[in-house]
Each structure stands twice: as structure tokens, then as C-alpha cells.
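What follows is a set of notes on a single structure, which appears directly below.
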Protein chains: 2
Amino acid sequence: MNLKQLSDRLGLSQTTVSRALNGYPEVSEATRERVLKAAQQTGYKPNKAAQRLATGKAKSIGLVMQSAPEIGGDPHFSEFLSGLAEEAVKHDFHFVMAPASPDDEVNAIKRLIASGYVDAIFLAHVVDPDPRVDLLRSSSIPYLLHGRIMGDVHDYPYLDVDNEGAFYTAAKLLLQLGHKRFALMNGMERFTFAMRRKIGLEKALAEAGLTLPSDLVHHSVMSDQAGFRAMERFLARPERPTAVLCASTALALGAVRAINKAGLKLGTDISLIAHDDVLSTLRPENFSVPLTTTRSSLKAAGARIGQRLIETLEGSSDLPDQELWEAELIVRASTGPAPA
Amino acid sequence: MNLKQLSDRLGLSQTTVSRALNGYPEVSEATRERVLKAAQQTGYKPNKAAQRLATGKAKSIGLVMQSAPEIGGDPHFSEFLSGLAEEAVKHDFHFVMAPASPDDEVNAIKRLIASGYVDAIFLAHVVDPDPRVDLLRSSSIPYLLHGRIMGDVHDYPYLDVDNEGAFYTAAKLLLQLGHKRFALMNGMERFTFAMRRKIGLEKALAEAGLTLPSDLVHHSVMSDQAGFRAMERFLARPERPTAVLCASTALALGAVRAINKAGLKLGTDISLIAHDDVLSTLRPENFSVPLTTTRSSLKAAGARIGQRLIETLEGSSDLPDQELWEAELIVRASTGPAPA
DNA sequence: CTTGTTCTTCAAAGCGCTTTGAATAATTCT
DNA sequence: AGAATTATTCAAAGCGCTTTGAAGAACAAG
């Protein structure tokens with residue numbers, strides 16, 4: 001059933017039917033009702049491709065999804081997506097996900113823009129320098145970043161968590177507790193969120209006259225296995241660290257397992273603070289020793305980004321173009337005074 | 001840059017340019033090269049909405065994503081998606097994800113079909129009865145299920161894991177080890193994969209003259225917290241179970257924590273077998289006591305589904321319409337003889 | 001009973017692409 | 001050389017929708 005068939009059936013022109021359906025005023029209430037009813041009965045749904053072609057709008061948000069054989073599902077990604085979806089469903093938006101190998105992302109974005117399939121682009125996993133950001137900056141499609149590039153010039157719309165501040169504050173707490181030997185279990189080095197977390201930690205250490213030895217810095221994907229292995233390596237050091245900052249609760253999960261396995265007591269022998277993205281399947285308060293965390297909900301970020309993108313597209317946005325969310329430091333049992 | 005502009009620029013007709021770009025034979029090699037080069041230089045990318053409108057094809061797979069405030073990211077979902085994406089990227093396919101509240105999924109699928117945005121539909125989380133399956137059955141769009149409805153009539157294309165067989169085999173092993181008191185930690189009751197796992201377990205028990213008391217059956221989302229709580233409840237029973245079947249390693253993670261907390265020894269005091277979807281972030285072999293599992297890779301399933309769907313659309317499919325994958329039973333240290 | 005307004009409705013153009021059917025140019029065959 | 005093929009290229013129609021510009025119907029005003 002298409003518009004022509006529907007209008008033939010009603011003995012009306014496509015114009016009138018289209019207008020009736022889209023709520024334009026120049027159509028009598030009587031016909032509007034008749035049209036609406038017929039559409040209902042026949043189950044008529046407009047063809048989005050045609051709509052998109054005619055209007056240039058499609059109520060859709062595009063995103064590129066990194067794909068490679070060695071990349072598995074990322075719980076952080078799906079948590080974020082669920083937030084985005086929650087907002088999208090309210091406004092009848094959908095997503096177009098273009099999978100791309102990591103070295104082909106720029107092209108994937110280009111295709112996405114040119115495809116005429118999406119009204120806006122969302123971008124995450126910001127690196128620095130980030131050619132994808134340059135591309136979006138110079139194109140005319142609305143877009144929004146989750147994260148920022150490095151430096152202080154932010155002439156692009158973003159939503160980011162104050163990662164530097166989060167880890168700075170976390171480190172401060174551990175310093176106050178008397179810790180001197182720190183380790184960092186971070187996300188992939190190329191991501192700016194990881195860079196900023198490291199900077200935050202180093203800044204706090206520098207203020208205390210301390211430094212972070214490079215072999216006590218670990219970069220990897222944020223999974224429990226990676227955390228387990230990294231912690232084992234940390235603990236194998238002659239002078240093992242007493243304070244560990246961890247970029248995700250997923251990493252922390254593995255780290256804690258390694259700590260237990262080594263017969264050490266979390267919160268006593270070793271203190272740990274993890275960044276908590278509020279993954280719905282991994283809550284820090286449910287760890288055997290509840291985790292002290294810096295918290296910022298990834299799902300909430302997703303929802304907010306959806307909201308901002310959609311409002312921009314509907315032309316009603318009075319939301320800020322740049323947002324920096326502070327993470328909350330929530331103290332639980334995994335932090336304690338440095339062992340004597 | 002659109003086709004008209006590109007062809008004007010080249011002094012050719014749109015027809016010729018289009019044909020050159022799409023590899024049709026009726027265009028001279030010289031012009032083809034000229035066109036290809038110009039397309040390259042100008043960065044011309046065809047408008048997919050227009051392409052879709054003209055051809056009825058769009059190289060895109062549609063899927064509905066459940067969305068509700070209380071639903072968070074599901075690592076199983078993203079693991080699956082990464083498999084699907086891996087296959088899609090090879091063939092330049094993309095996804096259209098329509099978020100929908102759980103009670104509006106049928107409508108979301110209808111919209112997706114009518115939208116003209118997708119060439120095929122993928123469906124997961126099969127329930128029974130499943131109105132979505134009925135809808136797809138009666139529509140003419142290609143589709144593929146991950147999972148099956150109940151009963152033996154499967155006149156629709158699917159890929160499923162033999163969940164019944166997996167849990168049957170797992171239970172058999174535990175029975176051989178002398179276990180008599182079983183518990184089941186399952187996914188949501190409404191999903192057919194959960195139903196079948198329960199049936200598999202009950203069948204094995206029945207053959208041994210045993211039954212599964214209803215208070216030793218737990219249904220919930222498959223997260224570690226849920227596993228933790230469920231196991232605590234199991235252990236609080238006067239006669240606690242000695243053998244537990246667990247629908248996911250995520251559940252097992254929590255379950256193991258509860259077991260440790262209770263001072264019990266996994267593999268000795270209590271045996272546990274989990275179904276392993278091969279989540280890239282949670283490997284059973286990395287548990288402090290490596291987990292005995294029934295294994296079937298969710299990512300591989302995603303890739304296979306992508307492959308089948310794409311081959312169907314490209315009209316070259318000689319792949320089977322129905323597939324039932326057996327899960328492997330991999331014995332590790334979390335299973336042992338029943339305590340005396 | 002005109003004329004001027006407002007309300008409804010419509011025909012047709014256009015969005016960017018593919019594809020059919022026809023025309024033109026280049027080759028090959030008598 | 002002229003006819004018959006074959007290789008290239010093109011104009012135009014069509015995919016399903018929105019939107020502009022115009023026309024017809026209904027009504028109030030002069």
C-alpha cells in the first residue's frame with residue numbers, strides 16, 4: 001500500500017492525503033478523519049526512503065560501529081546504546097549503524113553522510129588527533145561527540161565526562177590515605193578518555209612529589225581478563241603498588257580476582273578505585289568488597305546525547321553545545337589507609 | 001555532489017555514469033575509468049535513499065532493539081552484534097535499528113518493513129507464542145530468527161543453539177558425578193531459550209527419577225548481580241543444592257561470588273556448569289576456579305546470521321534455512337563428585 | 001448579482017537514483 | 001562501398017513521497 005493507492009481508494013489526490021497525514025491545516029477535518037481512518041485500516045505506513053528523498057529528513061541518527069575479528073562485544077557500548085535508544089524511541093527516531101574496520105572509519109562516515117540515510121552523526125571513542133572529528137567539523141551535517149579531543153580548543157559539540165578531574169580526585173583521596181605507590185589500569189592508550197585519566201592521576205601525584213613508573217601503567221581493552229592479567233603483573237613487581245586506579249569496573253573485576261588469588265586483602269593491603277560507568281550488569285556495590293568508584297552513567301550520557309541530537313534536528317534546541325559532566329567519587333570499602 | 005552534477009562535469013549522461021559506477025558491461029573501459037576517477041576525486045557517494053527508492057534494495061538489515069528505562073545494555077546483545085557487524089562490513093551492509101518498548105515491537109517491525117529502509121529483518125529473543133514471528137511469516141520480506149518458538153513445527157528460517165541438548169548433557173554429567181539436588185539459574189522465563197534449557201535439565205532429572213523443586217529455579221536477566229542474589233537464596237535453603245546449572249557466565253560470576261562468600265568451595269562443596277556465550281569480556285577459564293561450561297559462541301552466531309541474510313539478499317544462498325548448533329560441553333574445575 | 005475572501009482540493013514538479021527503449025558511432029562482413 | 005552488426009551513449013520514465021502554484025467551491029461583503 002502506497003500513497004497513490006491510498007488516495008485512489010479515497011478518491012482524493014496524493015497531496016490532500018499527504019497533508020492530512022502530516023497534520024497540515026489546509027485540509028478539512030472531515031477528510032482528515034476519513035484519511036486517518038483509511039490509513040489505519042489499510043495499515044499504510046509511508047516509505048521512509050521516499051520521504052527522506054523528498055524532505056531531506058528521515059528521523060535517523062547515524063553511527064559508525066567499529067568492527068574487526070578481534071573486537072568483541074563491548075558492554076560499555078551497549079550500555080550507552082540503550083540510553084540513546086531510550087531517547088530515540090520517544091521521538092520515533094532510529095539508528096543507522098555502519099560497521100567499519102578501524103582503519104576505514106573516516107570513509108564509513110563519509111558514506112553515511114552522503115548516503116542520505118541519516119540526519120545526524122554520533123561519534124564516540126575519540127582519539128587525538130581524530131580525522132573523523134575534522135571530517136565532521138568541515139561537513140554540514142549535525143553531529144555530536146561523546147568525548148573530546150585533547151587541547152583546550154573545543155569548537156565542536158560534545159558531551160564528555162571530566163575524566164581528568166575524576167582520576168585527579170580519586171588519586172587525591174588515596175594520597176590522603178597515605179598511599180605512595182600507585183598503579184594505573186587504563187583503557188586503550190589512543191583514546192582521549194584514557195589520556196585524560198592518566199593526566200589526572202599524574203597531576204595529583206606530581207602535587208605530592210610522586211611519579212608514575214611506566215611499568216605500573218597498563219593500557220588495554222576494558223575486560224575482566226585484561227584486568228586480571230594486568231594486576232598479576234603489578235603484583236609481581238618487587239615493590240608492589242598499594243593503590244590502583246582502574247578505568248572500568250570490568251577491569252576491576254579481574255583485578256580483584258588477582259588480588260584475592262594473591263592472598264591480599266582489598267581495602268587493606270591494596271586499595272582500588274574504579275571508574276564506574278554504571279553498567280547494568282556489573283555493579284560495584286555488589287563486589288565482595290564493595291568498590292570505591294568515580295561514577296558517571298554511560299546510559300545517562302547516551303540518553304542525553306540522543307536528546308540533544310534530536311532537539312537539534314527538530315530545531316528546538318536550547319540545550320548547551322558543550323557539556324562536561326563531573327563524576328561522583330563514591331567511597332566504599334575497597335579503599336583504606338596505606339599499609340605501614 | 002550528486003549524479004547529475006557528476007555527469008554534467010564529465011559531459012556524460014546520468015545513465016552512462018550510473019552504469020560505469022555499477023559495473024555494467026555496456027560502457028567502454030575508457031569512459032569507465034574516467035568516471036571512476038572523477039567519482040574518486042569529487043568524493044561522490046550515491047544517495048542510498050534514492051538508490052533504495054529506485055532499486056528496492058539498500059544493503060541494509062533491520063532489527064528491533066528493545067528499549068525501556070529499566071533495560072540496560074546487554075553484553076550478550078553487543079557480542080552478537082559484533083558478529084553480525086563483522087559479516088556486514090565485508091559486504092558493505094549496514095543496520096537499521098529501531099528501538100521499541102517491549103509492548104510495541106510488532107508495530108516497530110511493521111514500520112521497519114514498510115519504511116523501505118531495510119531489505120531483511122533479524123529477530124532475537126524469541127518468546128512463545130511470538131506475534132513478531134507470525135508477522136514476519138505472513139510478510140514477504142526476508143527474515144531470520146535467532147532462536148525458535150516452541151513445538152516441533154519450524155516452518156521459518158532460524159539459527160538456534162540446541163539449548164535443551166546442552167543442559168541435558170550438562171545435567172547428565174552432574175548426575176554421573178552423583179549429584180541429586182539440582183538448582184537452575186535461568187534467563188527470563190518468557191524466552192524460549194530459557195524454556196528449552198529448563199526442559200533439558202528436567203528431562204535428565206526425570207530419567208534419574210529426580211525432580212526440580214520450583215524454589216530451586218530462578219529466572220531473571222543474566223547479570224552478575226542477579227546471579228549473586230539467586231545463589232544466596234539457593235544457599236539459604238535447609239538442604240542446599242550441590243549442583244547448579246547457570247544460563248550465562250555473567251550469572252555464574254555472581255553465583256561464584258556468593259559461593260565464596262558462604263565459605264563453600266566450588267567444584268567440591270558445590271558444582272556449577274554455566275552456559276558460555278563466549279563473551280569476549282568474561283571467559284570461564286579465567287574464573288578463580290575455571291568453569292565447566294556448555295559453549296556456543298554468540299558472536300559466531302551473529303556472523304553466521306549476517307552471512308545467511310546477506311547471501312539470501314544477494315540471491316546466491318545455498319546455505320540451509322534452519323540450523324541447530326550443538327553446544328560443546330567443556331569440563332573444567334567447577335564440577336566434581338557430589339559431596340558425601 | 002457581482003466581486004473579493006477564505007477554504008479545500010488538485011495537478012505537476014522535484015528529490016537522486018536505476019533502467020528501459022531508442023539513437024548514434026564504431027566495426028565487421030559482403 | 002554499402003549493409004549488417006556491435007559497441008556506446010543518451011533521453012525519459014519511474015520509484016513514493018512532499019510541496020509549490022493554481023484552480024474550484026463556498027461564503028461573506030458590497
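Letters A, B, ... are given to chains in the order of the sequence lines, protein chains preceding strands, and every chain is numbered from 1. What you are looking at is a predicted structure, and each value in this text was computed from that prediction instead of being measured.
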Ring-ring centroid check Tyr117(B) Tyr117(A), cutoff 6.0 Å: yes
Give the nucleotide from the list dG16(C), dA11(C), dG16(D) with an atom nearest to the side chain of Ala54(A). dG16(D)
Atom CG of Asp8(A) and atom P of dC17(D): how far apart are they, to the nearest Å? 12 Å
Does Thr16(A) make a side-chain donor-acceptor contact with the base of dT8(C), cut-off 3.5 Å? no
Do Asp104(B) and Arg111(B) meet the salt-bridge criterion of a basic N to acidic O distance under 4.0 Å? yes
Between Pro25(B) and Pro46(A), which residue's closest nucleotide on DNA chain D lies nearer the 5′ terminus? Pro25(B)
Side-chain ion pair, Arg52(B) and Asp119(B), N-O less than 4.0 Å: yes
Does a side-chain N or O of Gln51(A) approach OP1 or OP2 of dT18(D) to a distance below 4.0 Å, or not? yes
Both Val27(B) and Thr55(B) contact DNA chain D. Which one's nearest nucleotide lies toward the 5' end? Val27(B)
Which nucleotide in the set dC17(D), dC17(C), dC10(C) lies at the smallest distance from any side-chain heavy atom of Asn47(A)? dC17(D)
Taking the six-membered ring of Tyr158(A) as reference, does the cationic atom of Arg148(A) (NZ for Lys, CZ for Arg) lie under 6.0 Å from its centre and within 45° of its axis? yes
Let me confirm one number: the CG-CE distance from Leu81(A) to Met65(A), rounded to the nearest 0.5 Å. 8.5 Å
Any idea which of dT8(D), dC15(D), dC17(D) is nearest the Ser28(B) side chain? dT8(D)
Nearest whole Å is fine: how far is dC17(D) P from Tyr117(B) OH? 13 Å
Check the distance between dG16(D)'s P and Lys57(A)'s NZ and give it to me in whole angstrom. 24 Å
Measure from the side-chain heavy atoms of Ser18(B) and tell me the nearest of dC10(D), dT18(C), dT20(D). dT18(C)
Measure from CZ on Arg32(A) to C1' on dT9(C) and round the result to the nearest Å. 13 Å
Counting heavy atoms from C-beta on, name the nucleotide in dC15(D), dT18(C), dC17(D) closest to the side chain of Leu53(B). dC15(D)
Would you call Arg308(B) and Glu311(B) a salt bridge, using N to O less than 4.0 angstrom? no
What nucleotide, of dG16(D), dT9(C), dC17(C), holds the atom closest to the side chain of Leu12(A)? dT9(C)
Glu26(A) side-chain proximity, nearest of dT9(C), dC17(D), dG16(C): dT9(C)
Please state how far atom CD in Gln5(B) lies from atom P in dC15(C), giving the value in whole angstrom units. 10 Å
Would you kindly check whether a donor in the side chain of Thr15(B) faces an acceptor in the base of dT19(C), or vice versa, at under 3.5 angstrom? yes
I need the CG-P distance between Leu3(B) and dC10(D), as an integer number of Å. 12 Å
To the nearest angstrom, how far is Tyr24(B) atom OH from dC17(C) atom C1'? 12 Å
Between P on dG16(C) and CG on Asn22(B), what's the gap in Å once rounded to a whole number? 17 Å
Out of dT18(D), dT9(D), dT18(C), which nucleotide sits closest to the side chain of Arg19(B)? dT9(D)
